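Structure, as structure tokens:
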Amino acid sequence: MPELPEVETTRRGLLKILPGKKILRAEIHTEKLRLPIPPEISAAIKSAHVTDITRRAKYMIWRLSNGRDLLVHLGMSGRFRHSAKKDFEKTKHDHFILYLSDNTVLAYHDPRRFGLIDWAKQGTADHSWLGNIGVDPLSRDLNADWLYENLRGRKTTMKAALLDQKMINGLGNIYVSEALFYAGIRPTRIAAKVTKLEAARLVPAIKKVLNAAIKSGGSSLRDYRDVDGQVGFFQERFTVYDRAGEPCRTCATPIRQITQNGRSSYFCSHCQK
DNA sequence: CGGTAGACCTGACCGC
DNA sequence: TGCGGTCAGGTCTACC
């Protein structure tokens, strides 16, 4: 799914579409995503418009003109499709469809239905699932001293530590592998044994990979698309992710793929210690 | 408390 | 062509 760069790309795409346009009709076409889509959303957002969209971790918060906030998460396979009404045809996994006042249609499409569309508590952008979110990796809160202190005392691997949204939010399976490559740290390393110097390398590695991915419009592996149907290009710049057996771009050693906590990790056994 | 399987879903792909 | 197994960008809950 969409990790932070894909959510951010989606958020920016939606901001070009939604504000200033009235929602004429909202249709719900599924029993539930991760949670049921509250049925009253349909009536509540009719005639409203979206005034702003912000992001916390991989969650988007849509501020509505009626004062309410909608929490939107793309799960593993969620994306928005935007098209002229005359060109729109509902497809199998279009679960939430907005008809807008400029004769366009915005559809939330999500085959695996791990996404989320729910109310956030009014005004505070609050939701029970927003309570456990760690620092924003693109903010100054993520710095070398902070990271080193927070890795100390953790017996788990670097892979698991960086995937833990309660420590740093927004990283997922792709960008953890990529960031660890740039920092020269193997995903199997125990977090507590990472040195201060390595932590200092990891901070810019994380920021660099996320910013570069946002600049490229995200990564399109299978089904990720921008709101306008555009694919992202960052997958062309993967150094290790999804490159098992291919030569390291730095030293030509074949990239290794292993399984950690049931998920694939990729690394270069020569460049990463 | 920290850490790790299991659960939730569909679709694509591979080997037989 | 069909079938079973495996894998996929997330993250909550249950259990040790």
Side-chain angles (χ1 to χ4, degrees), chain A residues 1-11 29-37 55-60 71-80 91-96 108-118 127-134 137 150-180 187-193 209-210 213-214 216-226 231-245 257-266:
Chain A
M1 122 94 226
E3 302 180 32
L4 187 153
E6 292 74 34
V7 178
E8 182 61 21
T9 301
T10 299
R11 183 184 78 87
H29 292 283
T30 187
E31 280 297 303
K32 75 179 191 64
L33 303 173
R34 275 157 80 189
L35 296 176
I37 300 177
R55 181 183 57 74
R56 278 201 67 192
K58 301 171 196 169
Y59 292 88
M60 280 182 282
L71 191 64
V72 178
H73 192 286
L74 302 175
M76 277 288 233
S77 56
R79 65 184 181 95
F80 282 92
T91 60
K92 191 173 177 186
H93 300 292
D94 291 336
H95 306 301
F96 186 65
Y108 177 70
H109 179 92
D110 186 357
R112 296 180 71 180
R113 303 207 306 272
F114 289 159
L116 177 78
I117 296 175
D118 197 3
H127 190 279
S128 59
W129 288 355
L130 282 177
N132 284 329
I133 288 176
N150 278 272
L151 291 174
R152 283 175 59 184
R154 296 205 61 162
K155 297 183 68 166
T156 192
T157 61
M158 282 304 289
K159 169 61 179 281
L162 292 187
L163 272 182
D164 183 355
Q165 305 293 299
K166 292 191 286 298
M167 184 168 80
I168 302 170
N169 77 58
L171 293 170
N173 213 36
I174 293 177
Y175 299 108
V176 165
S177 275
E178 292 296 305
L180 286 171
T188 48
R189 285 279 300 284
I190 299 302
K193 295 189 175 173
V209 73
L210 293 178
I214 291 170
S216 301
S219 302
S220 295
L221 280 187
R222 292 159 193 85
D223 47 21
Y224 175 74
R225 294 288 185 284
D226 186 12
V231 297
F233 292 101
F234 195 71
Q235 68 279 4
E236 294 168 14
R237 293 169 56 190
F238 286 170
T239 56
V240 289
Y241 185 84
D242 211 23
R243 295 192 65 237
Q257 174 180 11
I258 59 172
T259 300
Q260 295 179 281
N261 303 69
R263 314 197 65 192
S264 284
S265 297
Y266 301 84

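From a predicted model like this one, the values you see are computed outputs, not experimental measurements. Chain letters run A, B, ... following the sequence lines, proteins first and then strands; every chain starts at 1.
- Scored by the ring pair (Phe, Tyr, Trp, His ring centres under 6.0 Å) test, A:Tyr59 finds A:His73 as partners (sequence neighbours excluded).
- The aromatic ring of A:Phe114 stacks onto the base of B:dC8, its centre lying under 5.5 Å from the centre of the six-membered base ring with the two planes under 30° apart.
- In this view, A:Arg152 and A:Glu149 satisfy the salt bridge (Lys or Arg N to Asp or Glu O under 4.0 Å) rule, not counting sequence neighbours.
- In the model, A:Ser77 has a side-chain atom that pairs as donor or acceptor with a side-chain atom of A:Asp110 under 3.5 Å.
- In this structure, A:Ser77 does not reach the B:dT10 phosphate: none of its side-chain N or O atoms is under 4.0 Å from OP1 or OP2.
- Comparing A:Thr259 and A:Gly170 against DNA chain C, the residue whose closest nucleotide sits nearer the 5' end is A:Thr259.
- Partners of A:Tyr241 according to the ring pair (Phe, Tyr, Trp, His ring centres under 6.0 Å) rule, which considers only residues two or more places apart in sequence or in another chain, are A:Phe238, A:Tyr266.
- In this view, A:Arg55 and A:Glu8 satisfy the salt bridge (Lys or Arg N to Asp or Glu O under 4.0 Å) rule, not counting sequence neighbours.
- Regarding A:Gln165, its CD atom lies at a distance of 8 Å from the P atom of C:dG10, rounded to whole Å.
- In this entry the distance linking NE2 of A:His109 with P of B:dC9 reads 17 Å, nearest Å.
- Classification of the A:Tyr175-A:Phe234 ring pair by plane angle, with boundaries at 30° and 60°, yields tilted.
- Side-chain atoms of A:Arg112 and base atoms of B:dC9 include a donor and an acceptor less than 3.5 Å apart.
- In this model, no side-chain donor or acceptor of A:Arg263 finds a partner on the base of C:dA8 within 3.5 Å.
- Side chain to side chain, A:Thr239 and A:Glu178 meet the donor-acceptor criterion of an N or O pair below 3.5 Å.
- Annotation: salt bridge (Lys or Arg N to Asp or Glu O under 4.0 Å) contacts of A:Lys92 (sequence neighbours excluded): none.
- Spacing between B:dC9 and C:dA14 at atom P, rounded to whole Å, works out to 16 Å.
- Partners of A:Thr259 by side-chain contact (heavy atoms from CB on, under 4.5 Å), not counting sequence neighbours: none found.
- In this structure, the CG atom of A:Leu33 is 13 Å from the C1' atom of B:dT10, given to the nearest Å.
- Using modelled atom types and a 3.5 Å distance limit, the side chains of A:Gln235 and A:Ser219 yield no donor-acceptor pair.
- Using a 4.0 Å heavy-atom cutoff across all strands shown, A:Tyr241 reaches sugar-phosphate atoms only and no base atom.
- Looking at residues two or more places apart in sequence or on another chain, you find no salt bridge (Lys or Arg N to Asp or Glu O under 4.0 Å) involving A:Arg112.
- Per the geometry, CE belonging to A:Met76 stands 14 Å off C1' belonging to C:dT6, to the nearest Å.
- In this structure, A:Ser219 reaches the bases: a heavy-atom distance under 4.0 Å links it to at least one base atom across the strands shown.
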Under-3.5 Å N/O pairs linking protein and nucleotides 4-7 of chain B:
from: B:dT4; atom 1: OP2; to: A:Thr156; atom 2: OG1; distance (Å): 2.7

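- Across the protein-nucleic acid pair, A:Phe238 atom CZ and C:dA8 atom P stand 13 Å apart, rounded to whole Å.
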Seminar exercise, completed: Here DNA chain B, pairs taken as Watson-Crick or G-U under 3.5 Å and shown with ( ), [ ] when crossing and | when to another strand, reads .|||||||.|||||||

For this session: Might you work through the salt bridge (Lys or Arg N to Asp or Glu O under 4.0 Å) test for A:Asp118 and A:Arg34, ending with a clear yes or no?
Result: CA-CA 10 Å; A:Asp118 197 3; A:Arg34 275 157 80 189; over 6 Å; no

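- In summary, A:Arg154 and A:Asp164 engage in a salt bridge, as defined by a charged side-chain N under 4.0 Å from a carboxylate O.
- The closest side-chain heavy-atom distance from A:Asp94 to A:His29 is not below 4.5 Å.
- Within the 4.0 Å cut-off from OP1 or OP2 of C:dT11, at least one side-chain nitrogen or oxygen of A:His73 is found.
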Check nucleotides 12-15 of chain C against the protein and report each pair of N or O atoms closer than 3.5 Å, with its distance, or say if there are none.
from: C:dC12; atom 1: OP1; to: A:Tyr59; atom 2: OH; distance (Å): 3.1

Protein-nucleotides 11-13 of chain B N/O pairs closer than 3.5 Å?
from: B:dG11; atom 1: OP1; to: A:Lys92; atom 2: NZ; distance (Å): 3.1
from: B:dG11; atom 1: OP1; to: A:His93; atom 2: NE2; distance (Å): 2.7

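- With C:dG10, B:dC9, C:dA8 as the choices, the nucleotide that has an atom nearest any side-chain atom of A:Tyr266 turns out to be C:dA8.
- When rounded to the nearest whole Å, the span between CG of A:Asn150 and P of B:dG3 equals 12 Å.
- Using a 4.0 Å cut-off, no side-chain N or O of A:Lys166 falls inside it from OP1 or OP2 of B:dG2.
- Residues that satisfy the side-chain contact (heavy atoms from CB on, under 4.5 Å) test with A:Ala161, not counting sequence neighbours, are A:Leu151, A:Thr156, A:Met167, A:Ala191.
- Taking atom NE2 on A:His95 and atom P on B:dC8, their separation rounds to 17 Å, with Å as the unit.
- Atom NZ of A:Lys159 and atom P of C:dT11 are 14 Å apart (whole Å).
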